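Only one structure is covered here, and it is reproduced in the block below.
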There are 2 protein chains.
Amino acid sequence: MSLIAPESVEIRLGERSYRILIGSGLLGDARHFATVPAAASALIVTNTTVAPLYAAALRSALAGRYREVHVLELPDGEAHKDWPTLNLIFDALLARGADRKTVLFALGGGVVGDMTGFAAASYMRGVPFVQVPTTLLAQVDSSVGGKTAINHPLGKNMIGAFYQPQLVLCDLATLATLPPRELSAGLAEVIKYGPIYDMDFLAWIEDHTDALVGREPAALAHAVRRSCEIKAEVVGQDEREAGLRAILNFGHTFGHAIESGLGYGEWLHGEAVGCGMVMAAHLSQRLGGIDAAFVERLTALVRRAGLPVVAPALGAERYLELMRIDKKSEAGEIRFVVLDRPGSAVVRSAPDAMVREVLAQCVGA
Amino acid sequence: MSLIAPESVEIRLGERSYRILIGSGLLGDARHFATVPAAASALIVTNTTVAPLYAAALRSALAGRYREVHVLELPDGEAHKDWPTLNLIFDALLARGADRKTVLFALGGGVVGDMTGFAAASYMRGVPFVQVPTTLLAQVDSSVGGKTAINHPLGKNMIGAFYQPQLVLCDLATLATLPPRELSAGLAEVIKYGPIYDMDFLAWIEDHTDALVGREPAALAHAVRRSCEIKAEVVGQDEREAGLRAILNFGHTFGHAIESGLGYGEWLHGEAVGCGMVMAAHLSQRLGGIDAAFVERLTALVRRAGLPVVAPALGAERYLELMRIDKKSEAGEIRFVVLDRPGSAVVRSAPDAMVREVLAQCVGA
């Protein structure tokens with residue numbers, strides 16, 4: 001049971017609007033699911049790591065609302081964010097006679113959320129779903145905004161849909177069981193909101209990095225709420241990433257290349273994004289948007305959050321090749337999210353020679 | 001080049017509105033693609049049967065608008081409307097560096113259209129696409145309205161999206177090369193619009209069955225246009241099948257069971273729908289919506305169109321099992337589209353015993 005009432009952030013998207021609830025002990029409390037559509041059955045999609053921790057509590061909370069509540073455990077990790085694993089969800093739905101009203105619950109991190117969301121978007125051309133993110137990264141970023149996808153061997157998140165959940169329920173208590181590496185990975189996406197959108201928030205993160213790494217509840221609660229507020233503002237203005245929303249991909253062009261080049265799962269997504277932000281900062285400096293001091297400030301924060309700041313040696317040609325199949329690319333030209341000043345980001349291209357200089361500067365031996 | 005200006009039917013769906021162009025010789029004429037978004041590249045998705053007939057003409061028509069126009073030939077037939085074949089489209093797009101603006105062109109029948117549409121809905125979370133249907137069935141039904149899907153071993157069209165094309169271009173000249181069995185299959189969906197929506201159109205079809213089977217251009221043109229008009233009216237009121245749109249599935253609950261029970265591709269979709277309409281008519285009579293004379297009238301028309309009116313002997317239990325996983329089912333209860341009077345359809349359930357009587361009546365030895 002929650003000891004204090006959860007905080008609420010609204011995502012305003014017309015008839016697709018929904019709420020993010022943020023608080024401690026939410027997922028075991030049936031009251032918080034009162035606004036979710038009723039149906040004969042629900043399917044909780046989770047993974048083998050999260051299931052033993054939280055599936056029983058969520059299942060109990062839903063038992064009064066759905067006659068049947070099934071639990072499907074997927075293998076854990078980004079390496080399984082693929083079609084065969086997605087198809088396990090379809091198999092489970094069809095084997096259990098799930099219909100168009102069946103509600104899917106994504107209980108886990110970004111991989112579980114992305115796959116469950118895409119399954120919900122595609123099963124019978126769309127069934128309702130709820131995000132119950134249990135990692136910091138999923139709570140501050142991937143569970144909010146309706147981006148769902150699986151990976152293709154040739155590129156990350158290449159096959160998916162924009163499909164909004166009915167509710168996002170961020171239970172801060174789940175962060176207590178998060179491995180330290182995963183906590184740091186989530187901090188990468190928290191840090192991101194500072195340089196692209198809110199310099200006050202960046203300063204707050206700098207002041208509270210130790211508290212965040214130390215999992216102080218009040219600090220985590222503020223980080224999650226402010227991150228969700230910023231994401232809600234951006235997504236509310238540009239749901240399908242026609243423009244503004246792309247700034248949320250700061251660090252992701254380099255980051256996706258790292259993830260894909262090393263093989264999915266070698267680095268965590270947030271680790272790649274952390275290092276990718278350092279690389280994007282260097283590129284921003286070369287393009288004239290920020291100075292060396294700001295690059296150093298951001299690099300120091302990424303390092304203090306426990307994230308890598310030196311990129312793996314994939315080779316410059318391989319980096320360029322991988323970045324050309326990024327979704328922001330157009331007509332073969334790589335498009336980067338860069339800072340045009342501290343607190344503001346834009347999408348633009350950069351000369352290959354300049355990108356090579358950044359790679360030479362950021363890649364380890 | 002078109003000899004006469006094409007007719008146009010508008011699908012009104014707010015910002016997702018688009019036109020259906022209907023005429024002869026359209027697909028080789030660049031002028032008809034002037035409203036389609038420009039991009040660096042386009043991919044024509046077709047199959048091994050249609051490609052030798054029309055791919056070169058379409059490619060030429062697009063060559064002035066796209067720097068690169070690629071052609072991908074899929075294997076032909078409903079049996080290939082599955083994930084591995086869909087993935088061939090993603091492979092082709094990624095291998096060729098397709099970006100978010102790349103336009104997909106579906107050149108073929110319903111299978112090509114459904115798979116290309118779902119690929120367009122999912123590639124990078126959505127790229128533009130154009131339907132160029134080359135079968136009667138696709139021109140009067142599947143290319144219009146934005147339903148896209150692939151089959152799952154446990155059910156037809158179970159994985160897909162509502163995703164609207166930019167344009168539908170019905171080139172009546174392509175119907176000249178259609179095998180007779182495919183022409184009849186298309187007539188099943190033409191006939192469908194009569195009993196569910198427009199008794200005048202039903203009478204017109206009865207008067208022109210020989211002309212349609214004989215492929216008289218004026219008759220085909222009217223059949224395609226009126227079918228598209230009715231579909232546009234219905235879809236314009238209920239894009240995502242929350243209610244009214246379900247009437248377009250008249251004959252499809254029984255029909256999908258036939259297709260799935262025999263194995264996809266054994267009967268053509270339109271053949272299964274033709275026989276399924278006869279079965280649905282018998283059920284409608286038992287439910288009191290129509291009389292025996294109307295059942296006989298519809299059966300006679302289906303037969304004259306060259307379609308089967310006797311259902312395959314799958315066994316009553318298997319029929320019921322297959323129909324329970326139809327997308328219209330709710331909480332395990334099969335929902336049928338039945339006629340509540342000639343020219344009007346509703347969705348409702350029926351007692352299992354009554355469905356068994358219909359099966360006993362309609363299934364061959």
Side-chain angles (χ1 to χ4, degrees), chain A residues 39-41 66-68 82-84 86-87 89-102 117-119 121-127 146-155 157-163 239-242 246 321 324-335, chain B residues 39-41 66-68 82-84 86-87 89-102 117-119 121-127 146-155 157-163 239-242 246 321 324-335:
Chain A
S41 70
Y66 304 95
R67 200 171 61 224
E68 292 180 44
D82 57 9
W83 173 262
L86 180 73
N87 206 30
I89 306 178
F90 297 131
D91 290 344
L93 289 166
L94 284 162
R96 281 149 184 166
D99 61 34
R100 276 180 178 165
K101 297 194 165 174
T102 299
F118 187 40
S122 307
Y123 183 66
M124 293 191 177
R125 302 194 185 95
V127 295
K147 276 194 180 180
T148 74
I150 56 173
N151 299 329
H152 183 282
L154 294 178
N157 293 335
M158 281 295 164
I159 302 164
F162 289 99
Y163 193 71
E239 181 180 7
R240 296 180 71 90
E241 198 167 310
E321 179 189 18
R324 266 191 201 99
I325 53 172
D326 183 86
K327 288 193 292 302
K328 291 185 294 302
S329 292
E330 271 181 32
E333 188 178 75
I334 310 167
R335 314 263 298 157
Chain B
S41 70
Y66 304 95
R67 199 171 63 223
E68 291 180 43
D82 56 10
W83 173 264
L86 180 73
N87 206 31
I89 306 178
F90 297 130
D91 290 344
L93 289 166
L94 284 162
R96 281 149 185 165
D99 62 33
R100 276 181 178 165
K101 297 195 165 175
T102 298
F118 187 41
S122 308
Y123 183 67
M124 294 191 175
R125 301 195 186 95
V127 295
K147 277 194 181 180
T148 74
I150 57 172
N151 299 329
H152 183 281
L154 294 178
N157 293 336
M158 283 294 165
I159 302 164
F162 288 99
Y163 194 70
E239 181 180 7
R240 295 180 72 90
E241 199 167 310
E321 179 189 20
R324 266 193 201 98
I325 52 172
D326 183 86
K327 288 194 291 301
K328 290 185 295 304
S329 292
E330 272 181 30
E333 188 178 76
I334 310 167
R335 314 261 301 155

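Chain A is the first sequence line, chain B the second, and so forth, proteins listed ahead of strands; every chain is numbered from 1. Quick caveat: nothing in here was measured; it's all calculated off a predicted structure.
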Answer with side chain, backbone, both or neither: which region of A/D91 has an atom nearer than 4.5 Å to a non-hydrogen atom of chain B? both
Counting heavy-atom pairs under 4.5 angstrom with chain B, the leader among A/S122, A/A40, A/P153 is A/S122
Quick one: does A/D99's side chain get under 4.5 Å of B/K328's, heavy atoms only? no
Report the C-alpha separation of A/K327 and B/R125 in whole Å, then their side-chain angles, then the decisive distance to 0.1 Å, and conclude whether the side-chain contact (heavy atoms from CB on, under 4.5 Å) test is met. CA-CA 9 Å; A/K327 288 193 292 302; B/R125 301 195 186 95; 3.5 Å; yes
Return the CE to OH distance between B/M158 and A/Y123, rounded to the nearest 0.5 Å. 5.5 Å
Do the charged groups of A/E241 and B/R100 touch, with an N to O distance under 4.0 Å? yes
Step by step, work out the side-chain contact (heavy atoms from CB on, under 4.5 Å) result for A/H152 and B/N87. CA-CA 9 Å; A/H152 183 282; B/N87 206 31; 3.8 Å; yes
Heavy-atom pairs under 4.5 Å with chain B, option from A/E330, A/E68, A/R240, A/M124 with the top count: A/M124
So, taking the atom named CD1 in A/I159 and the one named CZ in B/F90, what distance separates them when rounded to the nearest 0.5 Å? 4.5 Å
Distance col, row A/I325:CD1 vs B/R96:CZ, nearest 0.5 angstrom, shows 15.0 Å
What's the spacing between B/K101 NZ and A/S329 OG if we round to 0.5 Å? 12.5 Å
Under 4.5 Å from any heavy atom of chain B, what part of A/A121 do you find: side chain, backbone, both or neither? backbone
Any idea which heavy atoms bring B/R67 and A/A331 closest together, and the distance? NH2-CB, 4.5 Å
Side chain, backbone, both or neither: which part of A/T102 has a non-hydrogen atom closer than 4.5 Å to chain B? neither
